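Read through the structure below, which is laid out as structure tokens, and then see the notes.
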Amino acid sequence: MSNFPYFPHTAEDIRQMLERIGVSSLEDLYSDVPADFLFKGEYDLPDAKSEQEVRDWFEKLAALNPKLKVFVGQGSYDHYSPAVIPNLLSRSEFLTAYTPYQCEISQGTLRYIFEYQTMICNLTGLDVSNASMYDGPTAAAEAMRMAVACAKKKNTVLVSKGLLPNVLEVIRTYAKYYGTTIEEIALEGGQTSLSSLKALLAGGDVAGAIIPSINRYGIIEDLTGFAEALHEAGAVLAEYCDPSALAVVKSPAEWGADIAVGDGQSLGIPMMLGGPSVGFMACKKDYMRKLPGRIVGQTVDSEGRRAFVLTLQAREQHIRREKATSNICSNESLMALYVTVYLSLMGPQGMREVNEKSYAGAHYLYEELLKTGKFEPVFPDKPFLKEFVLRPLVDLDALQKKLYQAGFFAALKTEEGYASFCVTEKRSKEDIDTLIHEILR
């Protein structure tokens, strides 16, 4: 065993353990496995490598991944991430922390979750935020369950067709296994239709509706009258938001929403091949006891000093599984910390600048794409921030492949056959001009 100094057990340790359980060798532990299932050949393992050889090998492996300029959004956005964030997150007290059940030894973790909740409340304008939703789609599905819990004896939830396809799919999956009925609100001119909502409400049994703040086409929704119609019918409004955009568009509270959900990825979290991310969820204080997941609250200790605790724990599955408001229990607070540090660094002015630069770049790209003659407008009079769709007048699959080979991820094909584009503050005018050149080439 001296050749493997990091193995925790010596040969004598192993002998004593085997003797204690009554077998003579490690192989005897598998004696009940049929011989036909045991591998008898030689393992195809590489020879031992030095540290430099391992580094070289991984660099070659990483080189197989193309590095593309991202001009696509659809729920995952290539925003700038300050270099200090991963350095802070890699500190051992953050990276190895788990759910802070014991408040007396978890004040640091509890504090940053509390700060995260505060920042989410500032963005949404709502009273209470939780922590530890997996991502935006599961947060939306939890909002569907919360709407049913809030409305009582109503089991239908309305969802806008303007929600992202993956969000709709997760909601439908949750609904199937919870026995909830899902009905879709139609779109009119690319936006969620108020008249369609009212027609569905007339049928009764509606617990709530989930409607995007900015929809799958990048259009900023006008939610005038939605909250009033739902509240008159005894239902709640849940708004699905891009939290980055909440720095410049109307907040859920301003629209009269009862619940706000979304994906925190746009708050500086790198795309990282699809994850990890963090879902956020906030609500009016009237519905706090129906809010799933954990909430960190502020109190004072025995000496009157400010302190933080997990509150309303009776809703948690580790306390009362059958009464839990959510089955989500994995701790997402590391990514919540990522969002907290990002928002702290950017501040209100920085968030406005992110959106101003994204807006300017997206509208410049929109006009330049129309000038190519290869696209035409789909929703010409609808407001958009950083994302939009156009109708292609060329083979979109071939164009996307061509752009990919030129180093761009752009012109994503939607279900309707539209071309979806997105511009964030990371894309320069030179990037956009090069993209247009490749389209024309």
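As the structure is a computational prediction, the values presented were derived from the model and not from experiment. We're numbering straight along the sequence, starting at 1.
- Rounding to the nearest 0.5 Å places CZ of Phe409 at 12.5 Å from CG of Leu435.
- Contact annotation: the side chain of Trp255 never approaches that of Ile211 to less than 4.5 Å [non-hydrogen atoms, C-beta and beyond].
- Counting heavy atoms from C-beta outward, Leu399 and Pro392 have side chains that stay 4.5 Å or more apart.
- In this structure, the side chains of Val72 and Phe408 stay at 4.5 Å or more apart for every pair of heavy atoms.
- The aromatic rings of Tyr112 and Phe94 sit perpendicular, their planes meeting at an angle over 60°, well past the 30° parallel limit.
- Between the side chains of Ser277 and Asp263, a donor-acceptor pair is found at a separation under 3.5 Å.
- For Arg391, the CZ atom counts as densely surrounded, since its 6.0 Å shell holds more than 12 non-hydrogen atoms of other residues, nucleotides or ligands.
- With a 4.5 Å cut-off on side-chain heavy atoms, Val170 and Asn166 do not count as touching.
- Counted within 6.0 Å of CD on Glu416, heavy atoms from surrounding residues, nucleotides or ligands total more than 12; the atom is thus considered enclosed.
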- Task: Before giving the answer on salt bridge (charged side-chain N to carboxylate O under 4.0 Å, His left out), spell out for Arg55 and Glu59 the whole-Å C-alpha distance, their side-chain angles and the decisive distance to 0.1 Å.
- Result: CA-CA 6 Å; Arg55 287 176 180 270; Glu59 285 179 4; over 6 Å; no
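- Ring-plane geometry between Phe375 and Phe421 is classed as perpendicular, the angle between the planes exceeding 60 degrees on a 0 to 90 degree scale with a lower cut at 30.
- The closest side-chain heavy-atom distance from Thr311 to Val296 is not below 4.5 Å.
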- Task: Please report the C-alpha distance between Asp258 and Tyr287 in whole Å, then the side-chain angles of each, then the deciding distance to 0.1 Å, and finally whether the side chain to side chain contact (heavy atoms under 4.5 Å, CB included) criterion is met.
- Result: CA-CA 8 Å; Asp258 305 285; Tyr287 303 111; 3.7 Å; yes
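- Of the possible polar contacts, none joining the Ser196 side chain to the Ser193 backbone as a donor-acceptor pair under 3.5 Å is found.
- The only member of His79, Glu425, His363 that meets side-chain hydrogen bond (donor to acceptor under 3.5 Å, both in side chains) when paired with Lys386 is His79.
- Between atom NZ of residue Lys382 and atom CG of residue Asp222 there is a gap of 9.0 Å, rounded to the nearest 0.5 Å.
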- Given side chain to side chain contact (heavy atoms under 4.5 Å, CB included), test Val378 with Phe388 step by step and report yes or no. CA-CA 9 Å; Val378 182; Phe388 59 87; over 6 Å; no
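- Annotation: side chain of Thr138 is in contact with side chain of Tyr174 (closest heavy-atom distance under 4.5 Å).
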Output side-chain donor-acceptor pairs under 3.5 Å for residues 342-350, partner residues at least two apart or in another chain, one line each.
residue, atom, partner, partner atom, Å
Ser344, OG, Thr340, O, 2.7
Gln349, OE1, Arg352, NH2, 2.9
Gln349, NE2, Glu353, OE2, 3.3

